[in-house]
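First comes the structure, then the notes that go with it.
Predicted model only: the values in this text are computed from it and were never measured. First the proteins, then the strands, lettered A, B, ... as listed; each starts at 1.
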Amino acid sequence: MSATLLSNLNESQRDAVSSPAQQLAILAGPGSGKTHTLTSRVAWLLASGLQAQNIIVATFTKKAAKEMQERIGKLLGDDREQKLILGTFHSISVRYLRSYGYLIGIKKGFVVADQHDSETIIKRIIKKNNFMADPKATKNKISGRKAKGGWGEKMEKAMKSNNKEVQQIDAIYTEYEATLKRANLLDFDDLLLRCVDLLRDHPQCVSNVEAVLIDEFQDTNLVQFDLMRLMAASRKKVTIVGDPDQSIYGFRSAEVKNYLSLLRQYPDTITISLEENYRSSGAILAASLKIIQQDTSRINKSLLATHSVGTRPVLRTLESAEVEGDWIMHEIRRCVTLTGGLITYGDVAILLRSAYLSRHIETYLGKAGVPYRMVGGRAFYDRVEVRLILYYLRVISNPTDNNAFAEVVNLPKRGVGDVTVKSLIEEADAKRTSIWELMEKGPLATGLSAKARNGVSRFMKIIKDARKMLSDEEGHTIASLMKHVIEAVELEDYLKKTYPEEEDYQSRLENVKEILALAEEADDPESPDYNDEPLPEVDGLEQNELSTPLSNFLAKISLATDKRAKDAEGEDKPRVTISTIHAAKGLEWPVVFIPGAYDGSIPNGRADDTDEERRLLYVGMTRAKALLYVSYPLIDSRRESTRPSNFLTPTSLLLHFGQKGPSFSKQNVIPDIAAILRLEVPKITFTPDELPLPSQEDDLWPEDGTAKARPPKTWDQWDGTAQYGEARKSLAHDRPLIDKKNMEPWKPSYTTTMTTTPAFSTAAAVLREQPVNLSGAGSAKRPYTFDDDEIVDKKSTKRSTKRPEGQPSLAAYFGKPQNSKVNEPTTAITAARQTHTTQPSVSLPRMNHRATLSQRGNPRTAIPAHTAPYVPPTICPTLSRHRIGGTASTATNRRNIRAFTPPESNGSNYIFLSSSPPRPEPGRKEHEAPRLPMPSNSINSIVATAARSASLHTTTEDRARAQPGRKSYGARMGMGGWEKRMGGSGSWKPPSMADK
DNA sequence: AAAATATCAGTTTTT
DNA sequence: CTGATATTTT
Ligand SMILES: Nc1ncnc2c1ncn2[C@@H]1O[C@H](COP(=O)(O)OP(=O)(O)OP(=O)(O)O)[C@@H](O)[C@H]1O
C-alpha cells in the first residue's frame with residue numbers, strides 16, 4: 001500500500017507522511033506540498049490501522065475541507081474518507097455541540113449567529129444606549145476579546161483610566177453576550193469556546209480520537225489551539241502543517257505563536273520542513289521571496305524552484321482603476337488566445353486585497369463576454385429576498401430569537417414600524433424574555449397602536465402555522481416550510497412591488513428559487529453536504545441531538561461561504577476566478593493577476609500590521625504557477641491619485657518584474673509555460689489576421705500609466721472591439737505570431753526531459769548583465785527586456801508608448817468594422833490537449849496539480865515533474881547548502897552557489913545539512929544557465945543533532961526540544977522562523993489551562 | 001407613527 | 001449598488 005501512497009512524494013514529504021512521531025509539525029513555504037503531504041499522511045494513518053471515524057482533520061475553509069476529502073478519497077479508493085471527522089474548526093465544533101452540547105447546558109435548536117446578526121445586535125445596543133461606537137469595529141473588538149480571553153492590556157488600562165469609549169465597548173460586550181444567550185444564539189467565537197468548554201469538562205466525548213491533523217496552523221487562534229489540544233487529549237497524536245510567512249489572519253486573532261505553544265505542550269514534537277516549490281516558475285518564486293524578505297523580523301527559509309525560470313512577472317502601471325480593469329480583460333484574452341490552448345479562462349485568477357475592487361474588473365469582463373465567477377463572499381445570503389426567507393425560518397425554528405423576529409416582523413410592511421419594534425425589544429429585554437413570549441403571555445406595558453398590534457399578530461400567525469407543520473406533519477420538509485413562508489408573505493407580489501424593474505425582479509425571483517433548491521437539497525437524506533456522519537458512539541456517553549433538520553440547515557448556511565452552485569448550468573464552462581487574496585489561500589492557478597497594488601490598498605490604509613499586509617501580497621503572488629501580473633492604477637476608484645505599494649518600489653525589485661505583459665511570440669514564453677504546467681507545447685498554426693484581439697502585445701496603454709496618446713474614442717464608448725490606437729504599428733507585421741521555426745525544435749527535446757530542457761529565458765542572463773536604470777519604478781524605461789535572449793531595440797520599446805498621428809488603428813489593421821463585436825477565435829488553433837503518446841520511460845504517478853477552481857476533467861496531458869528518477873546526491877551533504885544570493889556576487893558566483901557557509905556561532909555538535917542538495921539535472925549543461933539562485937538563507941537546514949543518518953539529506957528533521965528559556969541554536973533554527981516572529985517565549989497558557 | 005421618497009456616503013480581510 | 005439618514009406625505 002504505502003508504495004503507491006508514498007510514490008508521488010519527495011523524500012522529505014515521505015519522511016513526514018510516514019513519520020512515527022507522536023507530534024509532527026511540517027513547516028514549509030508556499031507550493032512545497034504541505035497540503036499534499038497532510039493529505040497523504042491521513043491516508044497513511046488509515047493504512048496503518050487507524051479508524052477513519054477516530055481521526056479529526058481541521059482545515060481553515062470549507063473549500064479546503066472538501067478538496068482534502070476528495071484527495072484522500074482518491075488515495076484510498078474506498079469510502080472511508082466519508083467517515084473522517086473533517087471540516088473547519090467551526091463546523092467540527094457544531095457537530096460536537098449538536099450531539100453533546102446538552103452536557104454543558106446548550107439548549108435545543110440553537111442557532112449560529114453570523115456576522116450580520118452580530119452586527120445588527122450590536123447596532124441595536126449602540127443605538128439604545130446612545131453610544132457613539134462604530135458597529136463593525138466594535139464587533140471586531142468583541143470577537144478579539146472572546147478569542148483571546150481578555151481585552152488585552154491596552155484596553156484594560158484604558159478602562160481603568162475611565163476611557164469612555166473603551167468602557168462603552170465593554171458595556172456593549174456584556175449586553176451583546178446576554179442578548180445572544182437569551183435568543184439561544186451562538187456566534188462564531190462561541191462555537192469554538194463552547195466546544196472547548198465541552199471537551200474540557202467532558203473529555204470522554206473525544207476519547208475515541210486517535211489522531212488530530214491541522215492544516216494552515218499559522219492561522220489558528222488561541223481557542224483553536226486549545227481545541228486541538230483537547231481533541232487530541234486521548235492519544236496525543238497531532239500533525240500540524242503551516243507556514244508563518246503565510247499568516248494572514250492576525251486581524252482575526254490568529255496566533256503565529258501557537259507553534260511555540262505546541263512545542264511547549266508537546267516537547268517531543270518533530271519538525272520537518274519542505275524546501276522545494278512545485279508550483280511556481282523560478283521567476284515568480286524569486287520575485288515573491290524578494291517581497292517577503294523585506295520583513296526583517298523574519299528568519300529566512302529556503303525555498304527552491306523545481307521549475308524553470310520561466311516568464312518574468314509583470315508589474316504594470318495603469319492610468320486609472322477603470323483602465324486597469326480594461327487592461328486585465330485584454331491580457332486575459334491575450335493569454336487565452338495566444339497560447340494555443342495552454343491557458344483557458346479557468347486557469348486565470350484575479351486576486352484582490354478588497355472585494356470591492358472587483359467592480360471595474362467585472363464591468364470589463366462582462367462587456368467582453370469573459371466568463372467569471374466571484375468566490376467567497378456571502379453575497380447571495382445577504383440579498384434581501386434570501387435573507388427574508390432565512391429569517392422567517394429562524395423565527396419558525398426558534399421564536400425566541402428576538403433578532404430574527406425584529407428583522408422580519410415588518411417585512412413586508414405590516415404597519416409595524418421602528419418605534420414599535422424598538423419598544424417591544426426594550427420591554428422584552430427588561431423582562432428578560434423574548435418578544436414572542438411577551439406577546440403570547442402578557443399584558444403589554446407598551447401601548448401598541450391597533451395597526452401595529454394587528455401587524456404583529458398577522459406575522460405571528462404565519463410563524464405559528466409553520467410551527468404547526470413542524471410538529472404535526474411527520475413528513476414536513478424544509479422546502480415545504482419555505483414554500484409556506486413564500487406564499488404566506490406573498491413574496492412574489494412583494495418583490496414585484498419593491499423592485500418594479502423587470503430584470504431586477506426576475507433576478508431576485510431566481511434567488512428565491514435557488515434558496516428553495518438548497519432547501520430541497522438539504523431535505524434529501526442522500527445529500528452528503530447536509531447530512532454529516534453522526535459522531536462515533538463513545539462508551540458511557542449518550543448523544544442527545546440538539547438540532548432539528550431545520551436548525552441544522554440554518555447552521556450550515558451560517559457557516560457557508562458560497563452558495564455551492566449545485567452544478568448549475570454553465571458550471572462546466574471554464575471561468576476566470578475573482579477572489580480576495582484571503583480566500584485564495586492554499587489554491588493555485590497558472591495565471592494570476594493582483595490588481596490594485598497601490599499604497600492604501602496593499603498595505604491597506606486601515607491595517608495596523610504592515611507585515612501582515614506584506615505577507616498577504618506574498619500569499620497572492622505565490623498562488624501563480626506560470627504567469628503573474630501585479631498592477632496598480634495611478635488613480636483609484638475614488639478618483640484619488642495613488643502611489644504604488646511600498647512593497648513594490650524597492651529598486652532591488654526592478655530586476656524581478658517586467659513592465660508589461662509577455663510577448664507570447666517570443667521564443668521561450670510558450671514552451672516555458674507549457675513546461676511549468678506540465679503540458680505539451682502546442683502547435684500553433686494561425687495567422688495574426690485571424691486573431692480577434694486588438695493587439696498581440698500588451699501595448700494598448702503606455703507603460704508608465706500616462707494618458708497620453710489616447711485612443712480616438714474614450715474607454716466608456718468602447719463596445720468590446722479593438723480600437724485602441726496607439727502603438728501597435730508594425731509589431732504584428734514584423735513578426736509572425738509564433739515563429740514556427742523556433743517552435744519545432746522544442747518539442748522533441750521536451751518529450752524526454754520536460755522540466756529540465758526548455759531553454760531558460762534570460763532571467764539569469766539579465767542578472768548577469770545588470771545594466772539597470774534605477775530611476776524609479778513606475779516610469780523608468782529599461783534598456784533591455786527580460787523575456788528573451790534578444791535585447792529589444794529601444795525603438796520598439798518607445799514605439800509602444802506613442803502612436804504617431806494618422807497611424808491606422810488596430811481594427812483597421814484587422815480589417816474589421818470599428819465597432820463590430822469581437823468574435824471568438826474561429827480557427828485553427830491546434831490545442832495542446834492531445835494525449836501525449838511518448839511519455840518518458842520513468843514517470844511519476846500523475847498528480848492532480850490543477851487548481852481547485854480550474855476546469856475539471858480537462859483532458860490535457862499531465863506531464864510528470866521530474867522525468868528522471870531522483871538520485872540521491874552524491875556529494876557530501878554537509879557541503880551542499882544554498883546560500884543567500886542577494887549580496888554582491890559576481891555573475892559566475894551566482895551561477896550555482898552551493899557553498900558551505902557556516903553560521904557565525906555554532907556548537908560543534910551541529911551539522912549542516914542541505915535540505916535540497918543539488919539534484920542531478922539530466923540534460924542540462926552548465927552553460928545553459930542554472931536554476932535561478934533563490935535568494936535564500938537557509939539557516940533552518942541546521943540539524944541539532946550530531947549523529948544523523950544520511951537518509952536525511954533532503955530533510956530538515958529537527959527534534960525541537962522546547963524547553964522554555966533554553967535557546968539552543970539548533971532548536972531555534974528548527975522553528976523555521978517562528979520564534980523570532982513571535983518575540984520569544986512568553987508564558988502563555990492555553991485558556992483552559994489557565995487558572996479559572 | 002408609519003410609509004414613501006430623496007439623498008448621500010462609503011466600502012479590509014472571514015469562520 | 002446598498003444601507004443609513006433626512007424629509008415629506010399619509
Ligand atoms: N512531490 C511532488 N512532486 C510534484 N508535485 C508536487 C509534489 N508535492 C506537491 N506537488 C504539487 O505542488 C503544488 C502545491 O502543493 P500544495 O498545495 O500541497 O502546497 P502547499 O505547501 O500546501 O502550498 P500553500 O502553502 O501555498 O498552501 C500542487 O500542485 C501539488 O500537486
Side-chain angles (χ1 to χ4, degrees), chain A residues 58-65 87-94 112-116 118-120 123 127 134-137 139-140 143-144 146-147 186-192 216 219-221 223-224 247-254 351-359 362-363 375-379 382-384 387 410 412-423 447-455 497-499 504 555-562 579-585 596 600-609 612-613 615-617 619-620 636-638 640:
Chain A
T59 62
F60 204 66
T61 61
K62 292 201 122 174
K63 205 186 294 156
T88 62
F89 274 105
H90 292 87
S91 60
I92 292 172
S93 296
V94 169
V112 180
D114 63 24
Q115 182 155 340
H116 188 264
S118 301
E119 237 173 87
T120 48
K123 265 181 216 159
K127 221 173 198 168
D134 168 44
K136 239 189 208 129
K139 156 104 232 308
N140 287 339
S143 172
K146 294 174 84 163
L186 299 178
D187 71 10
F188 288 130
D189 298 305
D190 288 329
L191 293 178
L192 305 177
E216 309 279 15
D219 287 318
T220 53
N221 66 25
V223 184
Q224 286 163 333
S247 153
I248 53 175
Y249 281 95
F251 72 95
R252 219 176 75 180
S253 311
L351 306 182
L352 309 162
R353 170 65 246 255
S354 309
Y356 77 92
L357 294 170
S358 70
R359 234 182 56 219
E362 286 188 78
T363 307
V375 305
R378 307 198 3 111
D382 283 341
R383 297 296 199 359
V384 265
R387 237 172 42 211
N410 199 34
K413 302 260 187 272
R414 293 191 184 88
V416 187
D418 291 348
V419 178
T420 306
V421 172
K422 200 173 157 211
S423 64
L448 288 195
S449 71
K451 199 166 64 165
R453 190 181 295 270
N454 180 267
K497 239 183 277 161
T498 332
Y499 307 98
D504 195 4
K556 286 262 143 97
I557 281 187
S558 292
L559 294 176
T561 43
D562 46 2
S579 166
T580 61
I581 299 174
H582 283 92
K585 191 169 63 157
S601 181
I602 317 188
N604 194 272
R606 311 185 168 214
D608 34 33
D609 185 350
E612 181 155 309
E613 297 293 302
R615 292 194 292 271
L616 198 49
L617 179 59
V619 168
D636 68 13
S637 50
R638 284 179 319 205
E640 312 242 358

Can you check nucleotides 2-8 of chain B for protein contacts, nitrogen or oxygen pairs under 3.5 Å, and list what you find?
from	atom 1	to	atom 2	distance (Å)
B:dA2	OP1	A:G417	N	3.1
B:dA2	OP1	A:T420	OG1	2.1
B:dA2	OP2	A:V419	N	3.3
B:dA3	OP1	A:G415	N	2.6
B:dA3	OP2	A:N410	ND2	3.1

Any protein N or O atoms within reach of nucleotides 2-10 of chain C? Criterion: under 3.5 Å, listing atom names and distances.
from	atom 1	to	atom 2	distance (Å)
C:dA4	OP1	A:K123	NZ	2.8

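Taking A:K127 as the reference, nothing meets the side-chain contact (heavy atoms from CB on, under 4.5 Å) condition, with sequence neighbours excluded. Looking at residues two or more places apart in sequence or on another chain, you find a side-chain contact (heavy atoms from CB on, under 4.5 Å) between A:K413 and A:N410. Every residue two or more places apart in sequence or in another chain was checked for a side chain to side chain donor-acceptor pair (under 3.5 Å) with A:R383, and none qualifies. Applying the salt bridge (charged side-chain N to carboxylate O under 4.0 Å, His left out) rule to A:D190 yields the partners A:K146; only residues at least two apart in sequence or on another chain are considered. In this structure A:E362 satisfies the salt bridge (charged side-chain N to carboxylate O under 4.0 Å, His left out) test with no other residue, sequence neighbours excluded. Partners of A:D418 under the side-chain contact (heavy atoms from CB on, under 4.5 Å) rule, at least two apart in sequence or in another chain, do not exist in this structure. Scanning for side chain to side chain donor-acceptor pair (under 3.5 Å) contacts around A:D382 gives an empty result, with sequence neighbours left out. Partners of A:D219 by salt bridge (charged side-chain N to carboxylate O under 4.0 Å, His left out), not counting sequence neighbours, listed by chain and number: A:K585. Residues satisfying the side-chain contact (heavy atoms from CB on, under 4.5 Å) test with A:T120, not counting sequence neighbours, are A:H116, A:N403, A:E407.
For the pair A:R353 and A:K62, nearest-nucleotide mapping onto DNA chain B gives the more 5' position to A:R353.
Helical stems in DNA chain B, defined as runs of 3 or more consecutive Watson-Crick or G-U wobble pairs with both donor-acceptor distances under 3.5 Å, are listed by first residue as B:1-10 with C:1-10.
Rounded to whole angstrom, the span from the NZ atom of A:K585 across to the P atom of B:dT13 amounts to 16 Å. Atom CG of A:N604 and atom C1' of B:dG10 are 14 Å apart (whole Å). Atom-to-atom, CD of A:E640 to P of B:dT11 comes out at 14 Å; the value is rounded to the nearest Å. One interatomic measurement links the two molecules: CZ of A:R638 to C1' of B:dT12, which rounds to 12 Å at whole-angstrom precision.
When heavy atoms are screened at a 4.0 angstrom cut-off, A:E612 is found touching no nucleic acid atom at all. At the heavy-atom level, A:F60 lies under 4.0 Å from the strands shown only through sugar-phosphate atoms.
Of the side-chain N and O atoms in A:T580, none sit less than 4.0 angstrom from OP1 or OP2 of B:dT12.
Ring stacking holds between A:F251 and B:dT13, with the centres under 5.5 Å apart and the planes within 30 degrees of each other.
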